[in-house]
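I have placed the structure first, in the form of structure tokens, so that the comments after it can refer back to it.
Source: prediction; values computed, not measured. In the text below, chain A, chain B and the rest are named by the order of the sequence lines, each starting its count at 1.
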Protein chains: 2
Amino acid sequence: MTSTKMSSHTSPAGSDTPPLPTSIASQQHDHTHCITSAMTSAQDICARNGARLTKLREQVLRLIWQSHKPLGAYPLMDMLAAESTRRVAPPTVYRALEFLLEQGLIHRINTLNAYVGCTHPNGDHANNFLICEHCGVAIEFSATALQDRINESAADFGFSIRSQSIELVGSCEHCEATDHE
Amino acid sequence: MTSTKMSSHTSPAGSDTPPLPTSIASQQHDHTHCITSAMTSAQDICARNGARLTKLREQVLRLIWQSHKPLGAYPLMDMLAAESTRRVAPPTVYRALEFLLEQGLIHRINTLNAYVGCTHPNGDHANNFLICEHCGVAIEFSATALQDRINESAADFGFSIRSQSIELVGSCEHCEATDHE
DNA sequence: AAAGTTTATGTTATTATATAACATATTTAT
DNA sequence: ATAAATATGTTATATAATAACATAAACTTT
Ligand SMILES: [Zn+2]
Ligand SMILES: [Zn+2]
Ligand SMILES: [Zn+2]
Ligand SMILES: [Zn+2]
């Protein structure tokens, strides 16, 4: 386990997502820490769940965690093929992805058909994302006030939610500041 | 056909989506009205935008409006092929879909790779959906309080939203009441 | 009305994403 | 060691979407 302290980045006001520094969007953070932290969490969670984090699954998770940009299954396949000598076929990667999704270690970004590491795999899985069109980064966030309104809307219709996907597409702080036109 | 009157379904408390009765999920409504209303709106909107609602595009819109269940591009293709004698290829349907999306007459449901008619094509396009896993119906809704929290969350991260996709998957009121196990 | 221009549709091929079905290997339990 | 369960390999196929180019229809200009 790496040091447990999650650094002192202040969370944006109103957000419930304290461990994730805003600056991941601007790449100004210790990403090595993101990776080691994610891998350690993964081991813990799988152990707790009696699930087997095999070599392949760990490798896939690590590759996904190479960045905060959601990674497609086929690019991921190529990366796997590049790392090992043997050929890698779609079912291999999709089964690993399925496992990681089940364990709550990754999320699928529906607007991109791509997969990204979960930044708070221990807590709740609100599955809310800010997706930057310019740099490709997906920032996971959760906010109680937002979730309350979501639940309220569903309740208004007598609808009972099993899973939710909130994807806000636009420009992150860094890319908005930078000239991207 | 059933009576034309839209009935006096009260909107759920807190919702901003008054014209759409909750009961569309339970099929207890005058769907013919949904269709004619959607087609008329489409003509108005296209006229206003100087866009051409061609025969093909109108046909596609009508087919999508056959129900409140999001319709995939390929099933739609088959329906088109069934209606005319000639063969219909993917680009034909995708171009029509693209046009209808641009005009705000339909929405794409990302979790289903499918398309559904917009139930309030004149107003804002919050693009929020309740999607029933059992009956397949997608209910579009908007709620100011929810949108405020969305905007707030984005603002907290300095993120500027260009488009958003909120898809809540679960069970609609009707299906929840019914035994579906 | 004729010619030119734009817009829409037809057509063929290909790319991108994901799963089915079955075989082999590895791990766990008996 | 044997059996059962789980994971991975392999081949083929399903599903979703786009690229590139040809034809047709609709508007514009003369
Ligand atoms: Zn990082
Ligand atoms: Zn960015
Ligand atoms: Zn209807
Ligand atoms: Zn239902």
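Atom CG of A/L112 is separated from atom P of C/dA16 by 15 Å (rounded to the nearest Å). Rounded to an integer number of Å, the gap from CG of A/L56 to P of C/dA25 is 17 Å. As rounded to whole Å, 9 Å separates atom P of C/dA8 from atom CD of B/E102. Between the C1' atom of C/dT7 and the CG atom of B/L53 lies a distance of 15 Å, rounded to the nearest Å. Atom C1' of nucleotide C/dG10 and atom NZ of B/K55 are separated by 16 Å, given to the nearest angstrom. For the pair A/M77 CE and D/dT8 P, the interatomic distance rounds to 16 Å; values are reported in whole Å. With rounding to whole Å, A/L97 atom CG is found 13 Å from C/dT19 atom C1'. With rounding to whole Å, B/N113 atom CG is found 16 Å from C/dA16 atom P.
Taking the six-membered ring for Trp and the full ring otherwise, the centers of A/H68 and A/H31 sit less than 6.0 Å from each other. Taking the six-membered ring for Trp and the full ring otherwise, B/H107 and B/Y115 have centroids separated by 6.0 Å or more.
D/dT18 has no stacking from B/Y94 on its base ring, since the centres under 5.5 angstrom apart and planes within 30 degrees of parallel are not both found.
B/R95 comes within 4.0 angstrom of a nucleotide base, judged by non-hydrogen atoms across all strands.
For B/T54, no side-chain nitrogen or oxygen approaches OP1 or OP2 of C/dA8 to under 4.0 Å. Proximity of B/T92 to the phosphate of C/dT9: no side-chain N or O atom is located under 4.0 Å from OP1 or OP2. Note on B/R87: every side-chain N or O is 4.0 Å or more away from OP1 and OP2 of C/dG10.
Here the options are A/L76, A/L71, A/I35, the test is side chain to side chain contact (heavy atoms under 4.5 Å, CB included), and the partner is A/Q66; only A/I35 passes.
With distances taken from any side-chain atom of A/R86 to the nucleotides C/dA8, D/dT18, D/dG9, the minimum falls on D/dG9.
Using the six-membered ring where Trp is involved, B/F141 and A/F157 have ring planes that are tilted, between 30° and 60° apart.
Side-chain N/O atoms of B/Y74 and base N/O atoms of D/dA16 include a donor-acceptor pair closer than 3.5 Å.
Summary of the strand contacts: A/F99 and B/P91 both lie near DNA chain D, and taking for each the nucleotide with the nearest heavy atom, the more 5' one is attributed to A/F99. When each of B/R52 and B/P75 is assigned the nucleotide of DNA chain D with its nearest heavy atom, B/P75 is the one assigned upstream, toward the 5' end.
For the pair A/E152 and A/R149, the salt-bridge criterion is met [side-chain N within less than 4.0 Å of a carboxylate O].
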